[in-house]
Amino acid sequence: MPLNIDLVQILLHMLNFVILAGGLTLILFKPVSKFLAERREYFEKLEKEHAEMSEENAKMKAEYEQKMEETKAEISELRKQSEKEAADAAKAYIDAAKEQAANIIKTAEKDAEDRRSHILDSAQTEISELVIEATQKLLSETASAERSRALYDEFIVNAEKDTKK
């Protein structure tokens, strides 16, 4: 053979290569392929779960935001209602206070009028008593007509001065 090439040797090397390739395929390629397929399925499963969780989280967030808006609207409505009730209560309290003040003023005016009437009555009584006393003194001291007239005139002048004050 020229170039020292032996056909049997080449065939044996090829047979060894085919056996080696077949053995490696059975021993390594299939388990590695199986492992890679399982790994791919595992990550696809994780990705699918992640997508489902993200979708569920988005739904929950939307529900939460909707509930927050509803709660804010309800709080706003309650605040308005409370403010209205407080304003109504304040107005009622002020009206009651005004009515009470008016009643107090009426009562005070009536009391003042009653006191004034009482004071005038007692002053008239006192004046009457003083007149009686003065008359008795006059009658007892001197019974002269001139003296009596002078005293009466003086008394009337003094009484007129007192009533003008």
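Here the structure is a predicted model, which means the values were calculated and not measured.
- Through side-chain heavy atoms spaced under 4.5 Å, either directly or across other Ile, Leu, Val, Met, Phe, Trp or Tyr residues, Val157 is tied to no other residue.
- Chaining together hydrophobic side chains whose heavy atoms lie under 4.5 Å apart leaves Ile132 on its own.
- Through side-chain heavy atoms spaced under 4.5 Å, either directly or across other Ile, Leu, Val, Met, Phe, Trp or Tyr residues, Leu24 is tied to Leu20, Ile27, Leu28.
- For Ile119, there are no side-chain contact (heavy atoms from CB on, under 4.5 Å) partners, not counting sequence neighbours.
- Under the rule for a side-chain contact (heavy atoms from CB on, under 4.5 Å), the partners of Ile75 that lie at least two apart in sequence or sit in another chain are Thr71, Arg79.
- With sequence neighbours left out, Phe155 forms a side-chain contact (heavy atoms from CB on, under 4.5 Å) with Val131.
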Would you mind writing out the side-chain donor-acceptor pairs for residues 38-63 within the sub-3.5 Å range, not counting sequence neighbours?
residue: Ser54; atom: OG; partner: His50; partner atom: O; Å: 3.0
residue: Asn57; atom: ND2; partner: Met53; partner atom: O; Å: 3.3

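- Here the straight-line distance linking atom NZ of Lys67 with atom CD of Glu74 works out to 12.5 Å at 0.5 Å rounding.
- Within a 6.0 Å radius of CD in Gln100, no more than 12 heavy atoms belonging to other residues, nucleotides or ligands are found.
- Applying the salt bridge (charged side-chain N to carboxylate O under 4.0 Å, His left out) test to residues at least two apart or on different chains, the pairs with a partner in residues 84-113 are Glu113-Arg116.
- With sequence neighbours excluded, the residues that form a side-chain contact (heavy atoms from CB on, under 4.5 Å) with Gln9 are Asp6, His13.
- For the atom pair Leu15 CG and Ile10 CD1, the distance stands at 13.5 Å (nearest 0.5 Å).
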